[in-house]
Amino acid sequence: MSGGSLAKTAASGGASMLPEVLAFTTSLAEDMALFSADVVGSIAHARMLAAQGIIKKEEARAIIKGLRGLHDRWEQGTLTLPEEEDVHMAVERALQADIGDAAKVLHAARSRNDQVALDLRLFLRESAKNALAEIATLVRYLATRAAASTDVFLPSYTHRQRAQPISLAFLLAGYAEAFTRDLDTFGFALSSLSRSPLGSGASSGTSLPIDRDNVRAALGFDALSGSAIDTVGDRDFALDYAYATSKLLVHVSRVSTDMVDFSTSEFGFVKLSSGIAMGSSMMPQKRNPDLFELLRGKSGKAIGGLMQLLTTMKGLPFGYNRDQQEDRGPILSCAALSSAAPKMLALGLANVEFDKERCLMALTSDMTQATDLAEALVSRGVPFRESHGIVGSLVSMCKERGYSLLTVPEADARGIDPRLTAEVLATADVAKAIDRKASPGGTSKARVEEHLTRLLAAADAAERAHAKVPALGTLVPRLSEDVS
Ligand code: ARG
């Protein structure tokens with residue numbers, strides 16, 4: 001794009017269109033993200049038109065060669081597109097400037113309404129492909145780090161109060177579990193995207209003898225979209241993508257909050273390496289967790305984008321409406337965040353070191369093994385409500401006399417209840433308390449190991465799904481092969 005006034009072609013309202021109206025309504029700047037998708041879609045369309053005898057083979061060849069030339073120049077950063085109402089008009093005009101009248105046959109049996117529906121799907125499909133890879137890498141990182149963190153113990157939290165002893169392995173695997181659900185959600189968004197809309201035309205199909213399945217197969221979509229009138233007004237695939245991104249960012253945000261909190265002097269559980277910690281412009285002593293704060297802060301963009309899309313769509317009549325062009329902002333920001341957030345979180349976590357001693361101290365100083373003692377009494381026949389009361393009194397006594405559950409003398413404990421034997425008190429040992437919770441989903445080493453296997457399997461499956469999606473960059477040369 002160069003500076004200067006916007007073009008006023010017939011398709012953009014003609015010469016009578018007021019320049020300030022065109023300037024206000026153009027989407028060209030944001031549309032540039034769709035450039036590759038637009039070219040790929042047009043190449044597939046031209047091939048199909050030629051195969052169906054709707055345009056001549058020489059025309060298709062000239063169009064495809066011209067589009068490929070534009071794409072090459074775009075990749076090299078040397079393409080200047082004419083200023084137009086949107087990317088579709090700009091590409092068509094640039095093509096016409098390069099190849100002349102042959103460009104005029106390209107838009108047969110197509111409207112910008114089904115064209116933009118196609119471009120958005122191709123663009124988000126590429127984003128979903130990238131997001132699956134980045135989230136899988138994050139899951140793999142967390143699982144690998146968890147496997148090496150079975151001997152770091154820290155408290156779990158409920159109500160942001162120290163609750164029970166857990167291993168760092170258990171916590172990291174827990175983070176990863178949330179991200180495997182994001183893999184599922186992006187998988188769903190991908191299937192909702194994988195419907196080829198081209199051939200729907202402006203709102204009701206076309207009388208020309210097109211072959212929609214030819215375009216679908218060339219572009220690697222699973223199926224055709226259904227009703228033409230629904231297709232041109234449907235942005236559910238973008239809503240699904242924005243929801244998937246919002247949920248991913250909520251998970252990223254919650255893990256980030258843990259890191260922000262853990263890095264405070266109050267917690268002191270982690271140290272941030274100098275590669276990610278940032279200073280203060282005024283306070284020389286500061287090491288701030290800006291990366292994690294911004295990962296948390298950026299969730300607002302995704303969630304806001306989802307709300308914006310829902311709001312734009314909710315009152316629209318059936319068929320295409322220009323309001324839909326406002327999908328661009330949320331789609332672009334969600335596409336960027338869905339890869340960048342998991343990638344940067346993995347990088348951030350790789351620059352976080354846990355302080356084993358501080359973590360352990362937080363556990364024992366707050367008697368987080370109390371539930372373990374209560375359960376030890378239950379397994380010796382004491383009703384839980386009674387054991388809860390006994391251990392409650394033990395905890396109060398320890399606080400008064402300055403003991404921890406590991407140091408309380410047996411005689412003092414028996415003074416509260418004779419069933420608090422040395423054997424029962426021994427269950428306060430942190431490592432044993434953690435290993436004893438072998439219920440499915442619990443903290444024991446065996447359960448965590450099983451969990452890690454499942455996490456790695458989920459990462460493998462996501463990487464296979466990623467590999468199955470054709471990359472836009474590979475479609476351009478593949479579809480430019482000679483038109484038979
Ligand atoms: N720029 C439009 C969009 O992004 C493309 C479709 C416009 N269709 C039209 N008839 N003006 O939604």
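Each ligand, and each atom within it, is numbered from 1 in the order the structure gives. Note that this is a predicted model, so its numbers are computed, not measured.
- Residue pairs meeting the ring-ring contact (aromatic ring centres under 6.0 Å, His included) criterion with at least one partner in residues 184-238, sequence neighbours excluded, are Phe186-Tyr241.
- Here CZ of Arg296 is found 10.5 Å from CG of Asp258. Values are rounded to the nearest 0.5 Å.
- Atoms of ligand 1 found under 4.0 Å from any heavy atom of Asp86 (numbered from 1 in listed order, with element): 1 (N), 2 (C), 5 (C).
- Heavy-atom separations between Gln115 and ligand 1 are all 4.0 Å or longer.
- With respect to Arg235 and Glu326, no salt bridge is recorded, no charged nitrogen being found less than 4.0 Å from a carboxylate O.
- By the 3.5 Å distance cut-off applied to N or O atoms, Gln325 is counted among the residues near ligand 1.
- Checking only distances, Asp31 never comes within under 3.5 Å of ligand 1, N or O to N or O.
- Checked against a 3.5 angstrom limit, the closest N/O atoms of Tyr320 and ligand 1 fall inside it.
- Counting atoms of ligand 1 from 1 in the listed order, those under 4.0 Å from a heavy atom of Asn113 are 6 (C), 7 (C), 8 (N), 9 (C), 10 (N).
- Inclusion of Arg328 in the set of residues having an N or O under 3.5 Å from an N or O of ligand 1 is warranted.
- Under 4.0 Å is where a charged nitrogen must lie from a carboxylate oxygen, and between Glu449 and Arg454 no such pair does.
- Within the structure, ring-ring contact (aromatic ring centres under 6.0 Å, His included) contacts touching residues 73-113 (residues at least two apart or in different chains) are Phe35-Trp74, His71-Trp74.
- Close approach of ligand 1 to Ser27 (heavy-atom distance below 4.0 Å) involves ligand atoms 1 (N).
- The structure places CG of Leu337 at 6.5 Å from NZ of Lys298, a figure rounded to the nearest 0.5 Å.
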